[in-house]
Colleague: 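Quick one: this structure, given as structure tokens, is what I'll be asking you about.
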Amino acid sequence: MENNINQKFPLQEKLDISSPEKFIKNTDHFNSLMMRYRCAIREIRTKLEVLNDEFSIKYNRNPISSIKSRIKTPLSIYNKLQRLGYDFTEQNIEEQLNDVAGIRVICSFIDDIYIMAKLLADQDDITVLRIKDYIQNPKNNGYRSYHMIVEIPVFFAEGKTPMRAEIQIRTIAMDFWASLEHQLRYKKDLGSNEQYKMISRELYDCACTITAVDKQMQNIKNLIEEYSELTPR
Ligand code: 0O2
């Protein structure tokens, strides 16, 4: 069947892949694959929203402040495969890339990150393939975030397809820092190496301040909860 979504891209040598744009134009399969990743995002988003709703009823608060999601752009997919030494084929996209579907969960407190991660991991249709805990083990530049690569089944007309996605869970403060640092990394006209190093040091200092603030806010929340349990209503 020509349009079966589970059919792989035609053999690479039959396609004009002299540029990613031509490749994409020449095949409907790519759009179909991206549609599948978008559906995986929708499934995971729903799971997170359900947990957040349940929390707000049970505990009168929302652990999730916001959820962002994105599908990697075709050019970014192409560049990443090139960097890893793979051709731009459907099989390589599915097998070699974990972050075509990306979901970012912004939580209010550090504890909420681990609560959300556990509640997701405990769901029996989610398979956790990899965890990178950059909160326990921050990167040298100060980056902190909790990363999960998961696989989730999505039900299409032709049947069930397991889809991979990257979930990044972090606090509002961690997200604020990471967004600015991301801009720095991709900024081309930043000036000399010395200036770049100076800004990196400043950013690292900010990361330390933000870590302290996150911990302090978590302590305040714990104290409020403890005191309100002791106070008779
Ligand atoms: P973009 O543009 O955000 O998509 P892999 O998951 O194996 O493919 P890797 O690098 O081993 O790749 O995974 P890791 O370390 O979990 O990082 C994946 C993503 O986390 C990155 O995607 C970034 O979004 C984010 N990230 C990791 N390190 C940093 C950092 O130092 N600063 C910031 N701001 N973000 C970071 P991409 O594809 O690199 O970038």
Side-chain angles (χ1 to χ4, degrees), residues 20 30 33-34 36-38 40-41 44-45 48 64-107 110 113-114 116-118 120-121 126-152 162-190 193 195-211 213-214:
F30 184 83
L33 179 61
M34 292 304 110
R36 280 191 271 155
Y37 280 113
R38 276 199 303 277
I41 286 181
I44 295 170
R45 253 185 183 271
L48 290 161
I64 299 177
S65 159
S66 63
I67 303 172
K68 303 172 196 171
S69 58
R70 65 106 183 88
I71 291 290
K72 223 172 173 60
T73 63
L75 193 59
S76 176
I77 292 173
Y78 176 83
N79 287 338
K80 189 154 187 178
L81 283 175
Q82 288 274 98
R83 212 164 52 240
L84 296 172
Y86 294 104
D87 291 329
F88 188 62
T89 66
E90 179 173 7
Q91 192 174 354
N92 284 338
I93 293 172
E94 287 192 284
E95 288 175 5
Q96 307 302 334
L97 302 186
N98 294 316
D99 64 341
V100 176
I103 297 134
R104 194 166 285 159
V105 187
I106 317 297
C107 292
I110 300 172
I113 295 173
Y114 291 98
M116 281 301 129
K118 182 169 179 346
L120 268 187
I126 285 203
T127 308
V128 179
L129 301 178
R130 196 180 74 192
I131 285 175
K132 281 193 189 172
D133 187 347
Y134 293 121
I135 300 170
Q136 293 294 323
N137 307 296
K139 286 180 67 172
N140 289 340
N141 59 0
Y143 178 74
R144 291 184 312 138
S145 186
Y146 188 91
H147 293 188
M148 301 169 85
I149 305 294
V150 301
E151 200 165 72
I152 181 170
M163 299 300 300
R164 251 185 250 177
E166 181 185 70
I167 307 175
Q168 299 181 348
I169 318 180
R170 48 174 79 151
T171 61
I172 299 165
M174 291 175 197
D175 189 52
F176 166 65
W177 183 93
S179 305
L180 288 185
E181 196 269 350
H182 192 272
Q183 283 175 32
L184 168 81
R185 281 195 302 147
Y186 292 99
K187 203 108 184 150
K188 303 273 187 288
D189 54 352
L190 204 69
N193 198 27
Q195 287 164 331
Y196 183 89
K197 278 187 188 161
M198 192 267 283
I199 289 174
S200 298
R201 274 198 301 274
E202 291 285 326
L203 272 168
Y204 182 77
D205 286 350
C206 276
C208 296
T209 309
I210 276 171
T211 304
V213 171
D214 265 340

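Just so you know, ligand 1 is whichever comes first in the structure, and atom 1 is the first atom listed for that ligand.
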Colleague: Would you say the side chain of Ile77 lies within less than 4.5 Å of the side chain of Met34, judging by non-hydrogen atoms?
Modeller: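 Yes, at least one pair of side-chain atoms sits under 4.5 Å.
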Colleague: Hey, does Tyr37 have a side-chain heavy atom less than 4.5 Å from the side chain of Leu97?
Modeller: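 Contact flag for Leu97/Tyr37 side chains = no.
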Colleague: Run down the list Arg130, Arg83, His147 and name the one with the heavy atom closest to atom 20 (O) of ligand 1.
Modeller: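 Ranked by closest heavy atom to atom 20 (O) of ligand 1, first place is His147.
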Colleague: Run the numbers on Val100 and Met163 for side-chain contact (heavy atoms from CB on, under 4.5 Å), then give the verdict.
Modeller: CA-CA 10 Å; Val100 176; Met163 299 300 300; over 6 Å; no
Colleague: Report yes if some N/O of Arg170 lies less than 3.5 Å from some N/O of ligand 1; otherwise report no.
Modeller: no
Colleague: When you measure from the heavy atoms of Arg70 to every atom of ligand 1, does any distance fall below 4.0 Å?
Modeller: yes
Colleague: In ligand 1, which numbered atoms sit nearer than 4.0 Å to a non-hydrogen atom of Lys72?
Modeller: 4 (O), 38 (O)
Colleague: Show which atoms of ligand 1 fall inside a sub-4.0 Å distance from at least one heavy-atom site of Asn141.
Modeller: 30 (C), 31 (O)
Colleague: Find all atoms of ligand 1 within a distance of less than 4.0 Å from any non-hydrogen atom belonging to Asp99, and give their numbers and elements.
Modeller: 38 (O)
Colleague: Sub-3.5 Å donor-acceptor pair from the side chain of Trp177 to the main-chain atoms of Leu203, do we have one?
Modeller: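 Yes, because the side chain of Trp177 sits within donor-acceptor range (under 3.5 Å) of the backbone of Leu203.
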Colleague: Among all residues two or more places apart in sequence or in another chain, which pass the ring-ring contact (aromatic ring centres under 6.0 Å, His included) test with Tyr143?
Modeller: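 In terms of ring-ring contact (aromatic ring centres under 6.0 Å, His included), with neighbours along the sequence ignored, Tyr143 is linked to Tyr134, His147.
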Colleague: My understanding is that we take every heavy atom of each candidate and find the minimum distance to atom 28 (N) of ligand 1. Doing that for Met148, Met174, Lys139, which one comes out nearest?
Modeller: Lys139
Colleague: Touching ligand 1 at all, Trp177? Heavy atoms, strictly under 4.0 Å?
Modeller: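 No, that is not the case, since the closest heavy atom of the residue is not under 4.0 Å from the ligand.
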Colleague: Run the numbers on Lys139 and Glu181 for salt bridge (Lys or Arg N to Asp or Glu O under 4.0 Å), then give the verdict.
Modeller: CA-CA 12 Å; Lys139 286 180 67 172; Glu181 196 269 350; over 6 Å; no
Colleague: Using heavy atoms and a threshold below 4.0 Å, how should the contact between Leu97 and ligand 1 be classified: side chain, backbone, both, or neither?
Modeller: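 For Leu97, no heavy atom sits under 4.0 Å from ligand 1.
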Colleague: Out of all atoms in ligand 1, which are within 4.0 Å of some heavy atom of Ala178? Include the element for each.
Modeller: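 Heavy-atom distances to Ala178 below 4.0 Å select 34 (N).
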Colleague: Pairs of nitrogen or oxygen atoms closer than 3.5 Å, one from Asn98 and one from ligand 1: do any exist?
Modeller: no
Colleague: Taking the side chain from Arg45 and the backbone from Ile67, do they hold a donor-acceptor pair closer than 3.5 Å?
Modeller: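 Flag set: sc Arg45 to bb Ile67 pair under 3.5 Å.
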Colleague: Select the closest option to atom 23 (C) of ligand 1 among Gln183, Lys80, Gln168, judged by heavy-atom distance.
Modeller: Gln168
Colleague: Which residues pass the side chain to side chain contact (heavy atoms under 4.5 Å, CB included) test with Gln96, not counting sequence neighbours?
Modeller: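 Checked Gln96 against side chain to side chain contact (heavy atoms under 4.5 Å, CB included); matches are Leu81, Tyr86, Asn92.
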